[in-house]
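Worksheet: one structure, shown below.
Residue numbers start from 1 in every chain, and the chains themselves are labelled A, B, ... in the order their sequence lines are given, proteins ahead of strands.
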Amino acid sequence: EPEVTQTPSHQVTQMGQEVILRCVPISNHLYFYWYRQILGQKVEFLVSFYNNEISEKSEIFDDQFSVERPDGSNFTLKIRSTKLEDSAMYFCASSPGQGFRGYTFGSGTRLTVV
Amino acid sequence: AQSVTQPDIHITVSEGASLELRCNYSYGATPYLFWYVQSPGQGLQLLLKYFSGDTLVQGIKGFEAEFKRSQSSFNLRKPSVHWSDAAEYFCAVGADNTDKLIFGTGTRLQVFP
């Protein structure tokens with residue numbers, strides 16, 4: 001069964017550093033998402049992306065965050081200057097179309113900011 | 001705005017006992033409803049989903065859920081719990097006018113032998 005692949009599975013970074021989290025969505029999917037889960041809390045929507053632009057973002061997704069689909073296969077989340085409170089599990093998801101049929105999550109990247 | 005409530009933060013059951021995890025949602029029209037399971041340090045695994053049709057939905061690992069519009073609920077059930085079912089369970093809702101899922105706060109299931 002097709003999978004959404006996220007790398008790395010765990011990343012440790014120093015506060016203030018830039019970090020890029022990578023995702024390879026399912027190949028025929030057109031809609032892409034990032035979610036975040038702070039340890040012990042619920043999963044929260046960050047951003048959705050379609051046709052090379054952001055279609056929706058949450059209030060969490062401020063100017064220090066950006067997303068990009070640089071090469072037609074990868075989908076990245078960049079955090080420009082990491083803070084301690086950015087430590088969380090970040091999940092990528094993709095979907096073949098609008099709506100939720102085929103909505104698939106990756107296994108996540110655990111980001112630790114020290 | 002859509003919201004999801006999982007009233008039980010933590011549930012403990014004995015192995016072999018039946019299980020019901022509660023989920024209530026807030027949304028005017030028919031929502032898209034999901035249950036995910038997350039083992040410690042792991043990703044989200046889809047257990048089952050409801051989009052339309054039969055209100056009793058069968059999922060993986062012997063789980064089922066029932067959509068009850070009158071109660072705005074989508075409770076997850078399993079007739080006989082196994083020790084390997086110990087995990088965090090998240091209910092989520094999606095709506096027609098958005099592609100984002102709204103998650104509940106989760107229910108941690110502990111299973112005693």
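- When all heavy atoms of A:Phe100 and B:Lys100 are compared, the pair lying nearest together is CZ-O, 3.6 Å.
- Closest approach of A:Tyr103 to B:Asp99, counting heavy atoms only: OH-O, 2.9 Å.
- A distance of 6.0 Å separates CZ in A:Phe45 from OG1 in B:Thr98, rounded to the nearest 0.5 Å.
- When heavy atoms are compared at a cutoff of 4.5 Å, A:Tyr35 approaches chain B solely by way of its side chain, counted from C-beta outward.
- In this structure, A:Asp63 places its CG atom where only 12 or fewer heavy-atom neighbours from other residues, nucleotides or ligands lie under 6.0 Å away.
- Side-chain heavy atoms closer than 4.5 Å link hydrophobic residues (I, L, V, M, F, W, Y) into clusters, and following such links, even through other members, never connects A:Phe91 to A:Ile54.
- Atom CZ of B:Phe51 and atom CZ of A:Arg101 lie 5.5 Å apart (nearest 0.5 Å).
- Interface residue B:Leu44: backbone and side-chain heavy atoms are both found under 4.5 Å from chain A.
- Counting non-hydrogen atoms of neighbouring residues, nucleotides and ligands closer than 6.0 angstrom, the CD1 atom of B:Ile60 exceeds 12 such neighbours.
- For chain A, the nearby part of B:Gln38 is the side chain; its heavy atoms alone come within less than 4.5 Å.
- From B:Gln45, atom CD reaches atom OG of A:Ser107 across 11.5 Å, with rounding to the nearest 0.5 Å.
- A continuous path of Ile, Leu, Val, Met, Phe, Trp and Tyr side chains, each step under 4.5 Å between heavy atoms, connects A:Tyr90 with A:Val19, placing both in one hydrophobic cluster.
- Counted within 6.0 Å of CG on A:Leu84, heavy atoms from surrounding residues, nucleotides or ligands total more than 12; the atom is thus considered enclosed.
- For a residue to count as touching a neighbouring chain, one of its non-hydrogen atoms must lie under 4.5 Å from one of that chain's; by this rule A:Gln37 touches chain B with the side chain only.
- The parts of A:Gln98 that come within reach of chain B are both its backbone and its side chain, each placing non-hydrogen atoms under 4.5 angstrom from that chain.
- The number of heavy atoms from other shown groups lying within 6.0 Å of CD (A:Gln14) does not exceed 12.
- More than 12 heavy-atom neighbours from other residues, nucleotides or ligands sit within 6.0 angstrom of CD on B:Gln110.
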